[in-house]
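One structure is given below, encoded as structure tokens.
As the structure is a computational prediction, the values presented were derived from the model and not from experiment. The residues of the chain are indexed from 1 along the displayed sequence.
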Amino acid sequence: MSEPDPFNTTDSLKDAVTKRQKSTVGDASDNARPVSMAPETAAQENAAAILPRLGFVGSLRWGWRQLTSMRTALFLLLLLAVGAVPGSLFPQRPASPEVVTKYLQDHPDTGPVLDWFKLFDVYSSPWFSAIYLLLFVSLIGCVIPRAIAHYKAMRSQPPRTPRRLSRLPEYGTLEIPAGRGIDAGQAIGDAAATLKSRGYRVEVRDADGERPSVGAERGFSKEVGNLLFHTALIGVLVSVALGGLFGYSGQRVLVEGETFVNTLVGYDTFTPGSNFNAAQLEPYSVQLDKFSVTFDRESKAHYGQPLDFKASLTTKSSPSSPAQQQDLKVNAPVSLGGTSIYLVGNGYAPVVTVKDGNGKVAFQGPVVSVPSDGAYTSLLVIKAPDAKPSQLGFVGFFLPTALINDKGVAVASDPDPFNPQLNLNAYYGNLGLDGGQPKNVFTLDTSKLTQLNGRNLAAGGIVLSPGASYTLPEGKGSISFDGLKRYVALDIHHNPAQLWTLIFGVTALLGLVGSLFLNRRRVWIRTGNHPDGRTMVEYGLLARGEDHRLAPEAATIRKLLEKRWLAPGADQAEDSNGAQTFLASSTAPLSTASSSTHPAGTGSATVGKDQ
């Protein structure tokens with residue numbers, strides 16, 4: 001049975017009569033039994049139910065609606081993430097072309113198939129680009145109509161007041177005593193002011209009628225946040241695409257005293273964007289003056305661990321610009337020429353001189369060593385392809401602070417260079433550098449070389465301290481340890497859309513927060529004058545979607561209305577249980593309506609929660 005209208009005590013009787021009439025005529029909602037249809041009539045109905053053909057234009061319209069639906073956008077976003085997985089499983093040709101070539105040589109059966117599917121060029125492949133563009137179009141086609149519809153909704157008036165507010169999820173009634181002198185028109189004005197103070201957009205309907213009402217709505221920011229999120233997502237996609245097209249990245253190892261110039265030949269490794277042009281490179285220069293590391297010398301548990309890294313640089317933004325002194329630290333990049341320079345590694349670079357059998361210098365300079373532990377035990381390779389009569393190669397390790405252990409083996413005991421030492425094995429033969437194929441500078445293939453020195457040979461290994469030299473057997477030449485320098489590994493990135501990616505990413509996050517935590521709500525309040533002089537009020541609340549805060553909002557609105565219409569006065573008292581009770585006097589009590597009208601002769605009513 002539906003709830004009674006608080007303005008008319010006969011509504012419940014009318015509802016009962018209406019329901020009785022429906023059951024008498026066999027309404028379908030009251031378990032009415034269906035009537036059989038004649039075969040001829042059924043055939044006619046089936047023939048009439050045949051839908052017309054969509055046609056070419058209709059098919060295009062249907063396809064566009066499918067593409068611009070939110071479900072399709074989410075599916076394409078997931079498909080884009082899945083499509084990026086092969087880019088991390090297989091080597092990519094733009095970053096490591098030599099690795100891809102080796103993979104194709106090692107896998108002659110599956111390699112060409114994978115290459116045909118562009119799995120070595122995932123991010124520039126036609127299928128990945130198609131997913132990216134479809135997602136882009138889907139988001140635009142989804143956002144623009146929703147933005148237009150939301151703009152129209154914001155300019156339109158709140159929906160009309162429902163005939164039966166009692167059917168809304170949150171519903172309640174109030175009674176304003178006759179002695180308060182507040183009629184239905186004044187009450188609806190007070191209700192509109194109360195809702196407006198809560199941030200609602202209100203519209204008063206039939207203000208001079210018998211049953212005026214007010215419609216209120218708020219929470220448009222929820223849809224604004226949703227649209228902002230999707231718009232920012234489009235911005236992120238565009239920014240990422242521009243960064244991939246026009247950006248580049250590279251790496252460079254820089255020894256103390258050396259200078260890096262931002263040209264293609266200045267990089268050790270370089271990864272260009274799809275539309276990269278060498279003219280994009282700004283001709284700045286970076287010189288490493290000094291690199292210092294601060295190690296922990298006080299803590300016993302963490303003794304020798306690095307505390308701080310600092311590279312002192314001299315930079316010039318162009319050949320004619322004045323030099324500037326800058327410090328490069330971890331997570332504190334230096335920006336030059338639209339690029340960001342990051343400190344990603346460091347180590348020692350022993351300075352050596354290699355002379356061949358003719359006494360001529362075949363190699364001279366710092367050799368970058370690769371640290372392998374916290375004490376900076378570093379591996380290094382020295383190649384002297386210009387040595388005569390045989391090319392020379394050295395493989396070994398560098399110890400910043402050498403210490404002989406109980407087994408008679410030299411090990412590193414501290415990362416600071418208190419006792420530097422070089423331990424090398426010497427080889428001669430063809431180093432394989434004359435074939436035109438690139439080789440890794442940190443490795444040496446000794447399988448086709450003849451060993452000159454080693455612990456297992458009569459000549460023994462080569463052990464050098466700073467300033468010492470060693471003469472190779474068989475008159476092959478000599479090697480000397482001239483000094484020690486430090487080096488840094490730099491990671492250089494240029495992304496013209498990096499700032500926009502950050503801006504759109506933060507905007508998307510803010511929009512997502514707004515769409516998740518803001519709620520769209522509608523409130524209707526209707527008033528009317530009772531024959532006995534009371535003013536009857538009913539209200540209802542409705543949320544778009546699930547809103548667990550709708551009930552507290554209804555309670556808050558009710559509390560504000562009670563405070564406005566019945567401020568605390570002398571006619572209020574507090575009962576023994578602490579509940580606020582309004583005593584009967586010349587005014588009737590403000591009370592909560594239940595499922596039936598108040599019985600005659602009731603002297604008081606407690607203002608409490610809606611029943």
Side-chain angles (χ1 to χ4, degrees), residues 51-52 54-80 129-162 168 192 195-196 198-205 214-242 497 500-524 541-547 549-550 553:
L51 297 177
L54 287 176
F56 179 73
V57 177
S59 299
L60 291 179
R61 185 182 296 110
W62 178 86
W64 174 253
R65 289 179 178 175
Q66 296 300 314
L67 177 61
T68 57
S69 67
M70 185 57 63
R71 179 175 56 185
T72 302
L74 292 175
F75 174 76
L76 289 173
L77 187 62
L78 177 62
L79 192 61
L80 187 70
S129 302
I131 298 174
Y132 201 94
L133 292 176
L134 285 175
L135 176 60
F136 185 76
V137 173
S138 178
L139 286 174
I140 292 179
C142 179
V143 168
I144 292 179
R146 290 183 61 177
I148 296 175
H150 184 61
Y151 175 76
K152 293 180 179 179
M154 292 180 64
R155 293 179 59 86
S156 63
Q157 297 298 331
R160 64 182 182 86
T161 305
L168 299 180
L195 294 177
K196 187 175 295 185
R198 295 283 297 167
Y200 285 88
R201 183 168 58 95
V202 301
E203 181 190 20
V204 177
R205 289 86 180 256
V214 58
E217 190 173 16
R218 80 171 186 182
F220 288 97
S221 299
K222 179 181 181 67
E223 183 64 15
V224 171
N226 197 2
L227 293 173
L228 191 64
F229 168 75
H230 289 91
T231 304
L233 187 59
I234 296 174
V236 170
L237 292 176
V238 174
S239 301
V240 172
L242 291 177
W500 288 108
T501 303
L502 175 62
I503 293 175
F504 284 123
V506 174
T507 304
L509 180 61
L510 295 177
L512 182 62
V513 170
S515 65
L516 291 178
F517 294 99
L518 297 177
N519 297 101
R520 182 90 172 268
R521 296 169 183 158
R522 291 172 178 173
V523 181
W524 293 275
L541 284 81
L542 179 66
R544 182 174 182 177
E546 295 184 1
D547 184 2
R549 293 177 293 179
L550 188 63
E553 177 68 10

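For Arg146, the salt bridge (Lys or Arg N to Asp or Glu O under 4.0 Å) criterion is met by Glu223, not counting sequence neighbours. For Arg65, there are no salt bridge (Lys or Arg N to Asp or Glu O under 4.0 Å) partners two or more places apart in sequence or in a different chain. The side-chain hydrogen bond (donor to acceptor under 3.5 Å, both in side chains) search around Arg198 returns Glu553, not counting sequence neighbours. A search for side-chain hydrogen bond (donor to acceptor under 3.5 Å, both in side chains) contacts involving Thr161 returns Arg205, Ser213, not counting sequence neighbours. Contacts of Leu168 classified as side-chain contact (heavy atoms from CB on, under 4.5 Å), with partners at least two apart in sequence or in another chain: Leu165, Trp524, Leu542. A search for side-chain contact (heavy atoms from CB on, under 4.5 Å) contacts involving Ser129 returns nothing, not counting sequence neighbours. Residues forming a side-chain contact (heavy atoms from CB on, under 4.5 Å) with Phe220 (at least two apart in sequence, or on another chain): His150, Ala153, Met154, Arg201, Glu217, Arg520. Judged as a side-chain contact (heavy atoms from CB on, under 4.5 Å), and not counting sequence neighbours, the contacts of Leu233 are Leu139.
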Given Val238 and Phe136, is the side chain to side chain contact (heavy atoms under 4.5 Å, CB included) satisfied, shown in steps? CA-CA 8 Å; Val238 174; Phe136 185 76; 3.1 Å; yes
For side chain to side chain contact (heavy atoms under 4.5 Å, CB included), just list the numbers for Leu242 and Trp500, CA-CA rounded to whole Å, side-chain angles, deciding distance to a tenth of an Å, and then say yes or no. CA-CA 10 Å; Leu242 291 177; Trp500 288 108; over 6 Å; no
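For the salt bridge (charged side-chain N to carboxylate O under 4.0 Å, His left out) condition, no pair includes a residue of residues 227-239, sequence neighbours left out. For residues 68-77, every residue pair satisfying the side chain to side chain donor-acceptor pair (under 3.5 Å) rule, not counting sequence neighbours, is listed here: Ser69-Thr72. Within the structure, the salt bridge (charged side-chain N to carboxylate O under 4.0 Å, His left out) test picks out no pair touching residues 149-160 (sequence neighbours left out).
When side chains are defined from C-beta on, Cys142 does not count as touching His230, because their heavy atoms never get closer than 4.5 Å. In this structure the side chain of Arg521 reaches within 4.5 angstrom of the side chain of Leu550, judged on heavy atoms.
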Show me the donor-acceptor pairs, under 3.5 Å and distance only, between side chains in residues 56-63 and residues at least two apart or in other chains.
from	atom 1	to	atom 2	distance (Å)
Ser59	OG	Gly55	O	2.7

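In terms of heavy atoms, Leu195 sits closest to Val214 at CD1-CG1, 4.2 Å. Minimum interatomic distance between Ala216 and Val202 (heavy atoms only, all atoms of both residues): CB-CG1, 3.7 Å.
Between atom CZ of residue Phe229 and atom CG of residue Leu509 there is a gap of 9.5 Å, rounded to the nearest 0.5 Å.
Asn519 pairs in a side chain to side chain donor-acceptor pair (under 3.5 Å) with only one of the listed residues (Glu546, Arg218, Arg549), which is Arg549.
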